[in-house]
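Chain letters run A, B, ... following the sequence lines, proteins first, then strands; residues in each count from 1.
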2 protein chains.
Amino acid sequence: MLIDLDLLYTWGAVAKEYKKGEIIFEEEGIANFYYQIIDGCVKMFNTNDKGKEFTQGYFFNGQSFGEPPLFIDERYPSTAMAFHDTTIIKLSKDKLIRILDEYPSIQKQFLNLMARRIYSKAKTSKDIINQNPAFRIIAFFNTSKKNKEGEKELITYTRQEIANFTGLRVETVIRALSRMNTEKKIEIKNHKIYY
Amino acid sequence: MLIDLDLLYTWGAVAKEYKKGEIIFEEEGIANFYYQIIDGCVKMFNTNDKGKEFTQGYFFNGQSFGEPPLFIDERYPSTAMAFHDTTIIKLSKDKLIRILDEYPSIQKQFLNLMARRIYSKAKTSKDIINQNPAFRIIAFFNTSKKNKEGEKELITYTRQEIANFTGLRVETVIRALSRMNTEKKIEIKNHKIYY
DNA sequence: CGGTTCCTTGAGGATGATCAACGAGGGTGG
DNA sequence: CCACCCTCGTTGATCATCCTCAAGGAACCG
């Protein structure tokens with residue numbers, strides 16, 4: 001949980017529910033609000049001229065998203081969409097900036113958060129460049145895995161979502177997955193993927 | 001210029017010169033220092049199993065680099081190397097953290113810096129995924145361009161460097177460039193690229 | 001039970017990677 | 001001044017891989 005909910009409400013934040021598939025903000029839109037997820041999941045992505053989608057990342061309970069443009073007066077580089085039904089608390093940009101100025105410890109938290117994001121992005125782009133479907137897919141699974149070490153867990157993303165995240169095509173993902181299955185890198189039971 | 005040099009020296013920072021090609025820190029190394037470039041250029045990159053290189057970015061005069069791991073206690077995700085002869089001022093991690101705690105305005109600057117990095121990384125990975133050599137190369141040129149709008153300027157990177165940054169191979173870059181030349185997207189005079 | 005959404009398979013084509021040479025320029029030392 | 005070396009740029013041929021297009025099949029949900 002990033003900023004305390006009570007604090008946010010004190011400063012005039014408002015909770016809003018978004019239905020699955022609803023757009024929260026769009027690429028090139030002006031950044032006016034701070035968003036923090038109370039419950040649900042948000043996907044950030046870009047779409048190119050030919051409608052091909054690239055997923056920048058997923059955000060879950062207690063996480064905030066879309067903050068960088070607030071700090072540097074830029075427009076949104078990507079679109080944010082509710083991936084499931086999601087409740088989000090919204091605070092105006094000015095108020096967020098004022099909170100950061102008043103609470104240095106919160107500012108520090110945000111610095112750490114941004115640092116962590118850069119760190120992951122560096123790791124991810126390194127992996128994506130590394131041509132090779134299986135490798136990219138594994139890298140994606142690793143970032144999305146809940147229980148780090150330990151037994152196999154169900155992957156809840158569709159093959160299309162995996163494709164969007166890895167920059168591959170659905171068919172390529174499917175073929176790579178079945179190859180990985182026979183090579184025992186993953187397990188597929190009844191179309192469900194375990195890793 | 002990020003942190004004032006006098007301030008850094010006051011806190012015990014030391015300037016050091018690195019010769020072209022010299023390694024400043026290595027992937028997976030422990031992060032103990034804050035680095036700020038006084039003069040020169042630094043390249044951050046990863047190398048995969050087969051020796052293929054992926055350039056994460058270049059850093060120039062007045063910029064700092066390799067900070068994220070300092071904030072989150074991780075190891076370096078990439079290697080940093082002097083791209084030309086470069087003078088760098090080094091400060092220990094603890095001292096940096098203490099500076100940030102004592103000067104909230106500096107902490108804020110770092111927050112803005114990290115936000116800007118995330119913003120660029122988002123733009124870059126979007127572009128790289130967008131299969132198409134010409135597109136990737138143009139995206140790289142745009143980020144490295146000094147005078148934003150305006151007339152053509154000389155690209156000072158070798159074709160190998162362009163390849164490393166875009167995740168392509170040298171030959172592919174060369175062929176793409178000459179196609180872009182005939183299509184007038186760029187200009188090549190005497191092997192030199194203008195964009 | 002009908003309609004979505006997701007998954008699967010095959011055939012064919014496009015494109016970037018790979019391998020192998022060679023060319024061109026710049027700097028250095030004899 | 002010239003020969004040599006080293007880095008960078010260039011070209012062609014071939015190969016592997018992923019994309020594209022097309023057509024179904026399976027699972028899930030109201």
Side-chain angles (χ1 to χ4, degrees), chain A residues 19-21 43 48-55 81 83-85 127-140 154-183 186-195, chain B residues 19-21 43 48-55 81 83-85 127-140 154-183 186-195:
Chain A
K19 286 285 164 204
K20 177 178 178 173
K43 177 170 78 170
N48 75 10
D49 352 317
K50 301 204 179 52
K52 185 176 176 185
E53 191 180 307
F54 173 62
T55 303
M81 185 173 106
F83 192 56
H84 307 305
D85 293 356
D127 290 336
I128 283 184
I129 269 311
N130 216 74
Q131 324 280 41
N132 181 320
F135 201 90
R136 294 198 209 178
I137 292 172
I138 291 290
F140 171 54
L154 175 67
I155 303 293
T156 56
Y157 295 97
T158 66
R159 281 130 226 255
Q160 184 62 61
E161 294 293 342
I162 299 171
N164 292 343
F165 196 95
T166 52
L168 301 166
R169 305 256 85 160
V170 209
E171 299 94 328
T172 306
V173 169
I174 288 169
R175 289 189 251 255
L177 284 174
S178 50
R179 214 172 310 127
M180 289 158 76
N181 184 34
T182 64
E183 289 168 359
I186 59 170
E187 206 171 312
I188 300 182
K189 276 199 291 238
N190 191 27
H191 300 166
K192 294 189 195 314
I193 305 161
Y194 298 87
Y195 172 71
Chain B
K19 287 286 164 203
K20 177 179 180 173
K43 178 170 79 170
N48 77 8
D49 352 317
K50 301 202 179 52
K52 185 177 175 184
E53 190 180 307
F54 172 63
T55 303
M81 185 174 106
F83 192 57
H84 308 305
D85 292 357
D127 290 336
I128 282 184
I129 269 312
N130 214 74
Q131 324 278 42
N132 181 321
F135 202 90
R136 294 197 208 179
I137 292 171
I138 291 290
F140 171 54
L154 175 67
I155 303 293
T156 56
Y157 295 97
T158 67
R159 280 129 227 258
Q160 184 62 61
E161 294 295 342
I162 298 171
N164 292 344
F165 196 96
T166 52
L168 302 165
R169 305 257 85 161
V170 209
E171 298 94 329
T172 305
V173 169
I174 288 169
R175 290 189 250 255
L177 284 174
S178 49
R179 214 172 310 127
M180 291 158 76
N181 184 35
T182 63
E183 290 168 358
I186 59 170
E187 205 171 312
I188 301 183
K189 275 199 291 240
N190 191 26
H191 300 167
K192 293 189 195 316
I193 305 161
Y194 297 87
Y195 171 71

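A donor and an acceptor atom sit less than 3.5 Å apart, one in the side chain of E171(B) and one in the base of dC19(C).
Two rings, from Y157(B) and F140(B), have their centers less than 6.0 Å apart.
Toward the 5' end of DNA chain D, the nearer of the two residues V173(A) and K192(A), judged by each one's closest nucleotide, is V173(A). Map T158(B) and N190(A) each onto its nearest nucleotide of DNA chain D; the residue landing nearer the 5' end is T158(B).
With distances taken from any side-chain atom of R175(A) to the nucleotides dA26(D), dT11(D), dT9(C), the minimum falls on dT9(C). Minimum atom distance to the side chain of I174(A) is reached by dT9(C), of the listed dA20(C), dT9(C), dG16(C). Considering only side-chain atoms of T172(B), the nucleotide from dA17(C), dC6(C), dA26(D) that sits closest is dA17(C).
For the pair N132(B) CG and dC18(D) C1', the computed distance is 15 Å after rounding to whole Å. Taking atom CD of residue Q160(A) and atom P of nucleotide dT20(D), one finds them 12 Å apart after rounding to whole Å. What separates CZ of R169(A) from C1' of dC21(D) is a distance of 12 Å, to the nearest Å. Taking atom CD1 on I186(A) and atom P on dC7(C), their separation rounds to 12 Å, with Å as the unit. Look at CG on N164(A): it is 11 Å from P on dC6(C), rounded to the nearest Å. Distance, R136(B) CZ to dT15(C) C1': 11 Å, rounded to whole Å. Taking atom NZ of residue K52(B) and atom P of nucleotide dA17(C), one finds them 6 Å apart after rounding to whole Å. Separating the NZ atom of K50(A) from the P atom of dA14(C) is a distance of 15 Å, rounded to the nearest angstrom.
Contact check, H191(B) against dA24(C): no side-chain N or O comes under 4.0 Å of OP1 or OP2. For R159(B), a side-chain nitrogen or oxygen approaches OP1 or OP2 of dG9(D) to under 4.0 Å.
Salt-bridge formation is detected for the pair E161(A)/K43(A): a Lys NZ or Arg NE/NH1/NH2 atom is positioned less than 4.0 Å from an Asp or Glu carboxylate oxygen.
Judged by distance alone, the side chain of T172(B) and the main-chain N or O of L168(B) form no donor-acceptor pair under 3.5 Å. The backbone N or O of I188(A) sits less than 3.5 Å from a side-chain atom of N181(A), completing a donor-acceptor pair.
Judged by the 6.0 Å and 45° rule, K20(B) forms no cation-pi pair with F83(B).
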